[in-house]
Amino acid sequence: MPRPTSRVPEPAKRDQGPDQGILARATGARVWKDHSLLLWAHFLVPPVLAALVVAATFATPLLAAILAAAVLGIAAFSARGLLTRLSGAEESRLALNSQLIQSQKLAAIGELSAGIAHEINNPIAIIAQEAEWAAHLVAEAEKAPGADFVEVKDSLREIRSQVDRCKNITHKLLDFARKREPVLQEVDVARLIDDMARLVDKEASYKNVTLVRTLPQDLPSLRTDAPLLRQVVLNLMTNALHAVDTGGRIEASARADDQALEININDNGSGILPENMDKIFNPFFTTKAPGQGTGLGLSLCHTLVTGMGGTIQVDSAQGQGTTFTVRLPRRPGSKP
Amino acid sequence: MDIRILLVDDEVDFVETMVKRFGIRKMPLDSAKSGQEALDEMAVREYDVVILDVRMPGMDGLETLKQIRERWPLTEVIMLTGHASLEAGMQGMNLGAYDYVLKPTDFDDLLDKVRKAFERKQLNAKAHKQGA
Ligand SMILES: Nc1ncnc2c1ncn2[C@@H]1O[C@H](COP(=O)(O)OP(=O)(O)OP(=O)(O)O)[C@@H](O)[C@H]1O
Ligand SMILES: [Mg+2]
């Protein structure tokens, strides 16, 4: 099931007033500046026919019946069209809404967490320094005969490792909140994906997981922000690696059409529970054990991809696997 | 325009080889043996691209990377990672590294990435000037 927030609905034609735009979309009629003929026809033809039916009733009943049937047919046909278009419009409005909400939510959380991360960074640095100093003092004192500080040293080591953990979190938070103006340069996406895959290969081999690359030779290059795209690809690959069992399979592939370059990261891992599908892009949402995941990976991906003018979607079947699809527009500013 | 490159690595042999190989291409390369030395060096001279080993004694590569990105946000950093450590690679990218290169290093690959990093730095500098 594709994630609805990722679908970007077609914007209304700009040169139409809002009412005309709505009418045009609802009726399916194209309205050009003054040429709203089709629209008029759409509303005027049925009553005209109805009037003819009434007139014909007085002439011959047969003609009236045929005309009436035609009117009913046309009315039913256009009502059906109207309904599907209306529900389509409603769906895309909802999609646009939830995408907006997602972006706003991410921005707000970004600001908040940057503040917290900044505040916490200082005490963490002091704790780290003090732990180091204490370790030094212990090492000095240990030179005295008979002194044994094994436990003290253990607990100092523990402090260090917990401080590192905190630092990791605050770094991620700060990164998450960082405002990035994408810097566009010509990027060989196939190579970028292969590069990131090489970072994952080693860890994958420990799990006996194969990481397949399906990258067409003639994949066009893309004007995009290279380091941001690297972060996205690496995050998706790492998630896939965490989701698969020993002996699993991950496939990274890419293809291009006229509008967009598409990257797919597919795995045959655990899949995502249906009730979690709506939450996975939320910051701090994680199903990993405490200390294993911060739940910032996918929300970062969402922020980065949207910032690059692209979309990110997920397709998952529980117990069978997951595919993340990133689409990036080939011409900056156009639809992906 | 010359690319001002700083290589930060405690492995003397590797640094020497790199100085030679970049030298052959008429690309002068400065070097530093530790993170602290790199920061000191950068305080007196401007660099476009820093090639940074993530595994060094003393201040580790990631901490160095963080400080470089804070103090010289326009300077691009390429990480050198020993044995394809996913964790270090991930953290490095999160901290704003431009790219990474695996050791043992394929020189042409490194050269290519240095050029790309430099291109980005120039684009970024231009954007900053226009914004100001
Ligand atoms: N490929 C996947 N297969 C199954 N579940 C996934 C996959 N990718 C993401 N998820 C689910 O989405 C959640 C959120 O992912 P996200 O990357 O945001 O955070 P995380 O991986 O848990 O932690 P972090 O990335 O911060 O270390 C995961 O905890 C997992 O439940
Ligand atoms: Mg993750």
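Letters A, B, ... are given to chains in the order of the sequence lines, protein chains preceding strands, and every chain is numbered from 1. What's counted below: heavy atoms across the whole structure, side chains too, no hydrogens, waters or symmetry copies.
Neither the backbone nor the side chain of Asp201(A) comes within contact range of chain B, judged by heavy atoms closer than 4.5 Å. For Leu184(A), the part lying under 4.5 angstrom from a heavy atom of chain B is the backbone only. Contacts between Ala97(B) and chain A at a heavy-atom distance below 4.5 Å involve the backbone alone (N, CA, C, O). The part of Lys66(B) that comes within reach of chain A is its side chain, from C-beta onward, which places non-hydrogen atoms under 4.5 angstrom from that chain. For Gln91(B), the part lying under 4.5 angstrom from a heavy atom of chain A is the side chain only. At a 4.5 Å heavy-atom cutoff, Leu192(A) makes no contact with chain B through either its backbone or its side chain.
Chosen from Arg191(A), Met237(A), Lys167(A), Glu186(A), the residue pairing most often with chain B at heavy-atom distances under 4.5 Å is Arg191(A). Contact tally against chain A (heavy-atom pairs below 4.5 Å) for Asn94(B), Asp109(B), Leu123(B): the top residue is Asn94(B).
For the pair Lys103(B) and Phe14(B), the distance from NZ or CZ to the six-membered ring centre is under 6.0 Å and the angle to the ring normal is within 45 degrees.
For Asn264(A) and Thr323(A), the side-chain atoms include no donor-acceptor pair closer than 3.5 Å. A side-chain donor-acceptor contact under 3.5 Å links Thr170(A) and Asn121(A).
Atom CZ in Arg198(A) sits 9.5 Å away from atom OG1 in Thr81(B) (nearest 0.5 Å).
In terms of modelled atom types and a separation under 3.5 Å, the side chain of Asp60(B) and the main chain of Glu63(B) share a donor-acceptor contact.
We find that Arg160(A) and Glu132(A) are joined by a salt bridge, their nearest charged nitrogen and carboxylate oxygen being less than 4.0 Å apart.
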